[in-house]
Amino acid sequence: MRSSPRRLPALLLGTALVATVLGVGTIASATTEAYTGRDATAATSVAHLGHTMAVSTQASGDDPDGDGYIPAVPQVTGVTPSTATPPTRYFHEFQANCSVTHTAPDDPIVYPGQPGKSHDHTFMGNTSTNANSTTASLSGGATTCKAPADASGYWMPSLYNGDRKILPVGPQTIYYKAGVTDYTSVRPFPKGLRFVVGNPMQSADEFRHHRGFVEGWECGDSYFNVDFPAGCPSRADVQLNIRFQAPSCWDGKYLDTPDHKSHMAYPVVKPGTNDNMCPADHPVALPMIEFKMAFPVNGDMSQVRLASGRGYSFHYDFFNAWEDRTLKALVDHCIVGGLQCDARGYDQTHPEAGATLNSDYRLP
């Protein structure tokens, strides 16, 4: 029998769903992001063109009882956050290089089973990702990632220059890295884990101070922009870039929660040190995903926007559908092994360590 948390009262759950879909919120603590209401003036002061405000009315196909919680099977229990300090290794990461597959106003995490209800998204990885996607439908599917075993879905709001949609060209860089000091404690994502990173309704200040903020929007010599810069050098080598990191500490219990966030948390600082560790209520260290996206647009940027609105409305979604053995091999070799790996699991500065995958990007 599926374990399930005590159900929220209908009114409270409905309020939570509304807040989640609208994305109204601030960072509530150093360990988790919780959605809380803002005053009406602040909420309406942010224009998010193209964002559909409808509330989700259907549960995911992975959530038959419809309570918004998808328990992990098995759940991870008896784990405490690691406070160990292993030998210093500057890198502990590998890349998932995935190209754009398609665009659609779908979001199988926030609006499952409701095609057309979201703002437009640009999808990478699994070629079949749509509003009806489930763990089963994605698993083993075709993918544009270099590693055929990565059938995960990755998506973000589409970017426009005026009315023209601008799509990233070629494989984009999605880092899988250690977010905690004890990189040897990082374990693979559980199959079916999904979450939303960021908030389409966040203010410019919330975006700038988001735990996932790395360098903001950048182009040419312009860095740390919270919104799109007014202009970028009109050169063939200049693109609009952004890097944004996801939470990497898991509660060990749920593959998804009603707000699509609270089962995950960012690392916290170990008291009295500069070390990062997982918080006690999210003790399981998983890879920290970092989107590093490049959009082929430059020159006059005055008409550039996201489907969700201004540049600071940037956010993205992840739905894990890796083949288990391959993901574990890459995590163990590259993250736990303290290497800087490419999509094959090869670190060119440590050739003696070998590669995880063969020349076809498959596990031997």
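Position 1 is the first residue of the sequence; numbering continues from there. Keep in mind the model is a prediction, meaning the values are calculated, not measured.
Proximity of a side-chain donor or acceptor of His102 to a complementary backbone N or O of Thr129 within less than 3.5 Å is detected. The backbone N or O of Phe91 lies less than 3.5 Å from no partner atom in the side chain of Glu93, so there is not a single donor-acceptor pair. Under the 3.5 Å distance criterion, the side-chain polar atoms of Ser137 are matched with a main-chain donor or acceptor of Thr134. Checking side-chain atoms of Asp259 against main-chain N and O of Ser262 turns up a donor-acceptor pair under 3.5 Å. Judged purely by atom type and a 3.5 angstrom limit, His210 uses its side chain to pair as donor or acceptor with the backbone of Gly212. Using a distance-only test at 3.5 Å, with no hydrogens or angles considered, a donor-acceptor pair links the side chain of His209 to the main chain of Asp205. In this structure, the side chain of Ser139 engages the main chain of Thr135 through a donor-acceptor pair within 3.5 Å. A donor-acceptor pair under 3.5 Å links the side-chain atoms of Asn241 to the main chain of Gln239, judged by distance alone. Checked by atom type and distance alone, the side chain of Glu218 never pairs as donor or acceptor with a backbone atom of Leu240 at under 3.5 Å. Looking at Asp106, its side chain never comes within 3.5 Å of a backbone N or O of Asn130 through a donor-acceptor pair.
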task = Could you walk me through whether Thr85 and Asp275 pass the side-chain hydrogen bond (donor to acceptor under 3.5 Å, both in side chains) test, one step at a time?
result = CA-CA 8 Å; Thr85 304; Asp275 293 349; 3.2 Å; yes

task = Start with the C-alpha gap between Val180 and Ser185, add the side-chain angles, then the distance that decides, and say whether side chain to side chain contact (heavy atoms under 4.5 Å, CB included) holds.
result = CA-CA 8 Å; Val180 292; Ser185 69; 3.9 Å; yes

request  = Just do the side chain to side chain contact (heavy atoms under 4.5 Å, CB included) check on Phe318 and Trp155 with the steps written out, would you?
outcome  = CA-CA 7 Å; Phe318 169 67; Trp155 62 97; over 6 Å; no

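Annotation: His119 is in aromatic contact with His315 [ring centroid separation under 6.0 Å]. Side-chain rings of Tyr316 and Tyr154 stay apart, their centers remaining 6.0 Å or farther from each other.
Within 6.0 Å of NZ on Lys253 lie no more than 12 heavy atoms contributed by other residues, nucleotides or ligands. The number of heavy atoms from other shown groups lying within 6.0 Å of CZ (Arg362) does not exceed 12. Enclosure of atom CG in Asp221 is not indicated, since only 12 or fewer non-hydrogen atoms of other residues, nucleotides or ligands lie within 6.0 angstrom.
In this structure, Val110 and Val196 have side chains that are in contact, with non-hydrogen atoms separated by less than 4.5 Å. The shortest distance between side-chain heavy atoms of Val304 and Leu159 falls below 4.5 Å. Here the side chains of Asp63 and Tyr69 are not in contact, with every heavy-atom distance at 4.5 Å or above. By the 4.5 Å heavy-atom criterion applied to side chains, Asn320 and Leu327 are counted as neighbours. Annotation: side chain of Val197 is not in contact with side chain of Asp317 (no heavy-atom distance under 4.5 Å). You'll find the side chain of Trp217 reaches within 4.5 Å of the side chain of Phe295, heavy atoms only. In this structure, Pro168 and Met156 have side chains that are in contact, with non-hydrogen atoms separated by less than 4.5 Å. Counting heavy atoms from C-beta on, the side chains of Arg325 and Leu363 come closer than 4.5 Å.
When all heavy atoms of Ala59 and Gly66 are compared, the pair lying nearest together is CB-CA, 3.6 Å. Closest non-hydrogen pair, Lys270 versus Thr83, comes out as NZ-O, 3.2 Å. Considering all non-hydrogen atoms of both residues, Ala355 and Tyr346 come closest at CB-CB, 3.9 Å. Contact between Met301 and Pro229 at its shortest, heavy atoms only, is CB-O, 3.0 Å. Between Met288 and Pro267, the shortest heavy-atom distance links the atoms CE-CD, 4.0 Å. Here the closest heavy-atom approach between residue Lys328 and residue Pro188 is recorded as CA-CG, 3.7 Å.
Between the side chains of Ser118 and Asp107, not a single donor N or O lies within less than 3.5 Å of an accepting N or O. With hydrogens and angles left out, the side-chain atoms of Ser308 and Ser313 include a donor and acceptor closer than 3.5 Å. A donor-acceptor contact closer than 3.5 angstrom is absent between the side chains of Thr101 and Thr127. No side-chain N or O of Asn126 forms a donor-acceptor pair with one of Ser152 less than 3.5 Å apart.
Looking at Lys146 and Asp342, no side-chain N of the basic residue comes within less than 4.0 Å of a carboxylate O on the acidic one, giving no salt bridge. Looking at Glu290 and Lys292, no side-chain N of the basic residue comes within less than 4.0 Å of a carboxylate O on the acidic one, giving no salt bridge. Salt-bridge check for Asp62 with Arg194: passed, with a basic side-chain N closer than 4.0 Å to an acidic carboxylate O. A salt bridge links Asp237 with Arg235: at least one charged nitrogen is closer than 4.0 Å to a carboxylate oxygen.
Ring geometry for Phe207 against Phe244 counts as parallel: the plane angle stays under 30°, on a 0 to 90° scale with 60° as the upper cut. In this pair, Phe123 and His121 present their aromatic rings perpendicular. The plane angle is above 60°, beyond the 30 to 60° band. The aromatic rings of Trp322 and Phe94 sit perpendicular, their planes meeting at an angle over 60°, well past the 30° parallel limit.
With sequence neighbours excluded, no residue forms a salt bridge (Lys or Arg N to Asp or Glu O under 4.0 Å) with Asp300. Under the ring pair (Phe, Tyr, Trp, His ring centres under 6.0 Å) criterion, His92 pairs with Tyr183, sequence neighbours left out.
No option in Arg208, Arg305, Arg310 other than Arg310 meets the side chain to side chain donor-acceptor pair (under 3.5 Å) test with Asp227.
Residue Tyr223 is grouped with residue Val297 when hydrophobic side chains (ILVMFWY) are merged at heavy-atom distances under 4.5 angstrom, including chains of intermediate members.
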